[in-house]
Structures are given as structure tokens and as C-alpha cells.
> 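Mind having a look at this structure? Questions to follow.
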Number of protein chains: 2
Amino acid sequence: MAELTGVQKQYILHWGEMGTRWGINRTVAQIHALLYLSPRALPAEEIAETLSVARSNVSTSIRELETWGIVRAVHVLGDRREHYESMKDVWEMFRLVIEQRKRREIDPTREMLRQCLANLDPKEPGADFTRDRLAAMAGFFEAVTELHDQMKRLPTGTVRKLLRMGTKVRKKAG
Amino acid sequence: MAELTGVQKQYILHWGEMGTRWGINRTVAQIHALLYLSPRALPAEEIAETLSVARSNVSTSIRELETWGIVRAVHVLGDRREHYESMKDVWEMFRLVIEQRKRREIDPTREMLRQCLANLDPKEPGADFTRDRLAAMAGFFEAVTELHDQMKRLPTGTVRKLLRMGTKVRKKAG
DNA sequence: CATTACTTTCAGTATAGACTGAATATACAG
DNA sequence: CTGTATATTCAGTCTATACTGAAAGTAATG
């Protein structure tokens with residue numbers, strides 16, 4: 001098992017920390033960090049040793065990363081074990097994560113807001129006020145969804161191009 | 001103390017749930033939801049009763065919301081107690097939260113990546129590979145920062161306008 | 001088909017962070 | 001000043017979630 005370099009340690013610890021702040025399990029994030037920096041696919045056993053976590057914990061965490069679609073198992077000739085590697089395209093990685101978090105969190109929230117607006121009894125005291133607040137929030141989430149859809153249609157690399165165009169775009173819109 | 005309507009309950013519970021998924025304390029999120037839907041500012045006592053949490057818990061949570069800048073104390077004539085109200089402008093609210101999370105999480109990550117690139121020993125095995133990975137990640141975070149800066153300069157409402165222009169913008173960039 | 005290598009599951013344990021309530025601090029009213 | 005209303009702090013408790021290790025499951029090998 002290769003020891004971690006100082007830089008790897010720094011990156012992995014930070015990434016784990018950031019993960020927790022965004023509702024992602026620390027170990028899951030650390031494993032992702034390790035694989036992202038690894039030039040070769042690693043077997044679960046080695047991941048467990050390197051990060052000092054239980055083998056079973058690696059198993060569960062890897063599965064989570066696989067469901068995100070940012071880690072996959074590969075096979076190495078002459079080795080029965082699964083080896084895991086991370087996707088290397090950072091933009092694609094975040095695109096996948098964002099798309100899925102949108103599906104799991106934004107979409108249900110939009111649905112909830114729609115439900116609330118539907119359930120709203122106009123005879124309740126303050127119903128008008130409540131409707132305004134719900135509608136404003138719903139509008140925001142619709143916009144976020146719109147933004148996401150627009151981005152999704154862009155081929156990789158175009159977002160970066162758009163950013164460079166930023167100033168011009170702002171002028172047109174302003 | 002006013003009882004919650006069904007719609008309020010639904011909204012508050014969902015909002016609390018979403019909070020936890022994004023690393024925000026459930027109670028903090030629930031209090032925000034309650035205040036957002038409330039047509040009048042509420043004293044801490046009433047918030048505690050309505051949500052069935054300890055008065056002290058409300059105190060702490062309110063302070064957190066105040067540091068985000070999305071809740072503030074107001075005074076009611078003939079009442080010594082502080083009453084709390086939420087900002088109602090949804091866009092501004094999210095702008096504040098995003099700006100601060102960027103400062104707390106994106107900026108330190110950029111810094112960490114810079115540090116890592118600086119600390120990288122070119123004699124270490126695989127240093128070139130590591131540098132590539134770090135640089136790619138750093139590029140992404142720079143882009144996110146750029147995007148954030150661009151947005152920050154837009155007056156409220158313009159983002160919505162831009163979204164409507166989306167298709168045209170995509171053509172220009174494509 | 002027995003053995004070995006590897007992976008997953010899961011019941012129990014550990015732990016970080018949330019929450020409570022009593023104690024303390026603050027500030028207003030009389 | 002004294003008493004009362006309100007707000008904050010903090011030590012201890014609770015709880016949701018992460019994590020472990022043993023047991024069960026799966027699959028390759030000889």
C-alpha cells in the first residue's frame with residue numbers, strides 16, 4: 001500500500017470536511033478524493049488501509065459513489081478484486097452530482113410548493129399573504145430549474161466560454 | 001399563540017428536511033420557514049411553542065439566521081420582547097446565503113488547491129499526474145467564482161431576464 | 001465440490017452535533 | 001433599587017447517523 005503524500009493528505013482531509021458541510025458523508029467524500037488523485041484504480045482493501053476505515057465502510061461508500069456515477073469498478077489483469085477509479089472530468093463530475101441533487105431536492109420542493117398552493121384554503125385567515133409567499137418561492141425554484149435546463153443543453157466547455165462573454169451578456173440584458 | 005395551518009406545517013417540515021440535506025440545522029431551517037410564512041414578526045417564545053422546541057434552541061437558531069442576514073429583530077409598540085421577521089425577497093435571501101457559503105466553503109477550497117499546487121514536490125512519484133488533477137479542480141472552482149462574480153453584479157430581476165434570453169445566448173456561444 | 005479470495009449485509013456501538021433546562025446575564029418598570 | 005420580564009449561555013443528555021467487525025453471501029480456482 002502506498003503511503004499518502006502530504007499534498008494528498010491535505011486534499012483528502014479538506015474534501016472530506018467540505019463534503020460534510022454539503023450533506024455528504026465524510027468517508028464518501030474522502031474516498032472520492034483519494035480516487036480522484038490516484039493515477040491507478042484501487043482495490044477496496046487498499047482504500048480502507050490508506051484512510052484507516054473499516055473495509056465494510058468502504059464497500060458502502062463506494063456503492064454510494066457508484067450510484068452518483070462518478071466512480072466505477074474496473075478490472076486488473078491477474079487480480080480477482082474489483083478496483084475502483086474516479087471519473088477525471090471535473091465538469092462532468094459536478095454536472096452529474098448537480099443533476100441528481102436537483103432531482104432529489106429541488107424537484108420535490110417544487111412539488112411541495114405546488115401542493116401547498118393547491119391545498120391553500122382561501123377562507124383561512126391570511127391566505128392571500130401565504131399565497132404570495134409560496135408563489136414567490138415557487139417562482140424562484142422554477143427559475144433555478146430553468147437555469148439548470150439551459151446549462152444541461154450546453155456542451156462541455158461552453159459554460160466556460162459563456163463566462164468569458166459575461167460582460168457583454170450583462171450589457172445586453174441590462 | 002396561533003396554531004399552524006396544514007399548509008404551514010407542510011412547508012415548515014419540508015423546509016427543515018431540505019435544510020438538513022444541505023448542512024443546515026433542521027430547527028434553523030424550520031424557524032426560517034415559519035417566519036417566512038408569517039405575516040407578522042414573532043417573539044421567540046411563540047416560535048418555541050409553535051415548533052415545540054426549547055426557548056434556548058430558538059435563541060441560538062435565530063442568532064444564526066441573523067448572521068446570515070435573512071432574519072432580523074423588530075420592535076412592537078408596548079412589548080418589551082424582540083420580535084423576529086424574515087426577509088421576504090426570495091432572490092435576495094438566496095443571494096445572501098450563496099454569497100456567504102461561497103466565502104466559507106468555495107474560497108477556502110480554492111485556497112487549499114493553491115496551497116496543494118504550491119506544496120507539490122516535483123520529485124515525488126506521480127507529481128505530474130497530481131498536478132493535472134489539482135489544476136483541473138482549481139480551474140473549476142475559479143470558474144464557479146467567476147460565475148458568482150458575474151451574477152453578483154447583476155441587479156435583481158436581471159437573472160430572470162437572462163434566463164428568458166437563454167436560447168439566444170446559447171446560440172451565440174455555440 | 002472444497003477451498004480460498006473477495007464482497008456485502010447487518011446488528012450493535014460510537015460519536016458528532018442538536019437540543020434541553022437550569023443557571024446566569026441583561027434590561028426594563030415601578 | 002428591587003422585582004420582573006426577557007434573552008443568552010452552557011453543562012449535560014439525547015439522537016441520528018456513521019462506523020465497525022463478525023457473519024453470511026458470492027464467485028473464482030484447483
Side-chain angles (χ1 to χ4, degrees), chain A residues 1 12-35 41-68 71-85 104-105, chain B residues 1 12-35 41-68 71-85 104-105:
Chain A
M1 178 194 65
I12 290 168
L13 289 174
H14 183 99
W15 206 241
E17 212 47 53
M18 281 309 115
T20 61
R21 299 221 199 173
W22 291 83
I24 285 159
N25 179 288
R26 175 178 276 111
T27 305
V28 171
Q30 286 185 346
I31 291 177
H32 175 259
L34 173 62
L35 293 179
L42 303 177
E45 176 70 18
E46 188 171 341
I47 297 172
E49 282 173 18
T50 307
L51 299 178
S52 309
V53 295
R55 175 65 185 75
S56 57
N57 195 1
V58 173
S59 192
T60 318
S61 301
I62 287 281
R63 190 127 58 84
E64 167 128 23
L65 288 165
E66 284 178 329
T67 68
W68 286 106
V71 159
R72 59 175 190 157
V74 295
H75 290 276
V76 169
L77 250 87
D79 196 332
R80 276 164 63 173
R81 297 172 300 175
E82 309 260 19
H83 289 58
Y84 300 96
E85 69 176 15
R104 297 182 200 178
E105 285 133 25
Chain B
M1 177 195 68
I12 291 168
L13 289 174
H14 184 99
W15 205 242
E17 212 46 53
M18 282 308 117
T20 60
R21 299 221 198 173
W22 290 84
I24 285 159
N25 181 288
R26 175 178 277 111
T27 305
V28 171
Q30 286 184 346
I31 291 177
H32 175 259
L34 173 62
L35 294 178
L42 303 178
E45 177 69 19
E46 190 172 339
I47 297 171
E49 281 172 19
T50 308
L51 299 178
S52 310
V53 296
R55 174 68 185 74
S56 57
N57 194 1
V58 173
S59 193
T60 318
S61 301
I62 287 280
R63 191 127 56 83
E64 168 128 20
L65 288 166
E66 283 178 329
T67 68
W68 287 105
V71 160
R72 59 175 191 158
V74 294
H75 291 276
V76 169
L77 249 85
D79 197 330
R80 277 163 62 174
R81 296 171 303 174
E82 308 259 22
H83 289 58
Y84 301 96
E85 70 177 16
R104 297 181 199 177
E105 285 134 25

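Hydrogens, waters and symmetry mates play no part in the numbers below; they use all other heavy atoms, side chains included. Lettering of chains follows the sequences in order, A, B, ..., and the numbering in each one begins at 1.
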> Within this structure, what is the CG-to-P distance between A:Asn25 and D:dA16, rounded to whole angstrom?
17 Å
> From CZ of B:Arg21 over to P of D:dT17, roughly how many Å is that when rounded to an integer?
10 Å
> Starting at CD1 of A:Ile47 and ending at C1' of D:dC19, how long is that distance when rounded to a whole Å?
16 Å
> Hey, does the side chain of A:Ser56 come within less than 4.0 Å of D:dC19's phosphate (OP1/OP2), counting only N and O?
no
> Name the nucleic acid region contacted by B:Arg81, choosing base, sugar-phosphate or nothing; use a 4.0 angstrom heavy-atom cut-off, strictly under.
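Result for B:Arg81 = sugar-phosphate.
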> Which part of the nucleic acid, if any, lies within contact of B:Glu82, taking any heavy atom under 4.0 Å across all strands shown: a base, the sugar-phosphate backbone alone, or nothing?
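Here B:Glu82 touches the backbone only, sparing every base.
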> Kindly give the heavy-atom pair with the smallest separation between B:Tyr84 and B:Leu35, and that separation in Å.
O-CD2, 3.3 Å
> With nearest nucleotide decided by heavy atoms, which residue, A:Arg63 or B:Thr60, maps closer to the 5′ end of DNA chain C?
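Upstream on the strand: A:Arg63.
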> Go nucleotide by nucleotide along DNA chain C from the 5' end; which of A:Ala44 and A:Thr20 gets its closest nucleotide reached first?
A:Ala44
> Before accepting this row, confirm whether a basic side-chain N of the pair B:Arg26/B:Glu17 lies closer than 4.0 Å to the acidic partner's carboxylate O.
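Looking at B:Arg26 and B:Glu17, the cut-off is met.
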> Provide the start and end nucleotides, 5' to 3', of the part of DNA chain C that has atoms under 4.0 Å from heavy atoms of chain B.
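Here the contact window of chain B covers C:dA18 to C:dA29.
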> Where each residue is assigned the nucleotide of DNA chain D containing its nearest heavy atom, which of A:Ser52 and A:Arg80 is assigned the position nearer the 5′ end?
A:Ser52
> Would you say the side chain of B:Trp15 lies within less than 4.5 Å of the side chain of B:Gln30, judging by non-hydrogen atoms?
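No, side chains not in contact.
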> Side-chain contact test, heavy atoms from C-beta onward, threshold under 4.5 Å: evaluate it for B:His75 versus B:Arg80 and give yes or no.
no
> Please examine the side chains of B:Thr50 and B:Ile12, heavy atoms only from C-beta on, and report whether any two atoms are closer than 4.5 Å.
no
> Is the closest side-chain heavy-atom distance between B:Trp22 and A:Arg21 below 4.5 Å?
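Contact flag for B:Trp22/A:Arg21 side chains = no.
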> Starting from P on D:dA27, measure out to CG on A:Asp79 and report it in whole angstrom.
17 Å
> Counting only side-chain N and O atoms of B:Ser59, is one of them less than 4.0 Å from OP1 or OP2 of D:dT8?
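Indeed, a polar side-chain atom of B:Ser59 lies that close.
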> How is B:Arg55 classified with respect to the nucleic acid when contacts are heavy atoms under 4.0 Å: base, sugar-phosphate, or nothing?
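B:Arg55: base contact, heavy atoms under 4.0 Å.
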> Would you kindly give the CG-to-C1' distance between B:Asn57 and D:dC14, to the nearest whole Å?
13 Å
> Separation of B:Glu66 atom CD from D:dT8 atom P, in whole Å?
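After rounding, the reported distance stands at 8 Å.
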> Quickly work out the B:Glu45 CD to D:dT4 P distance and round it to whole Å.
18 Å
> Are B:Glu66 and B:Arg72 within salt-bridge range, i.e. N to O under 4.0 Å?
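Salt bridge absent between B:Glu66 and B:Arg72.
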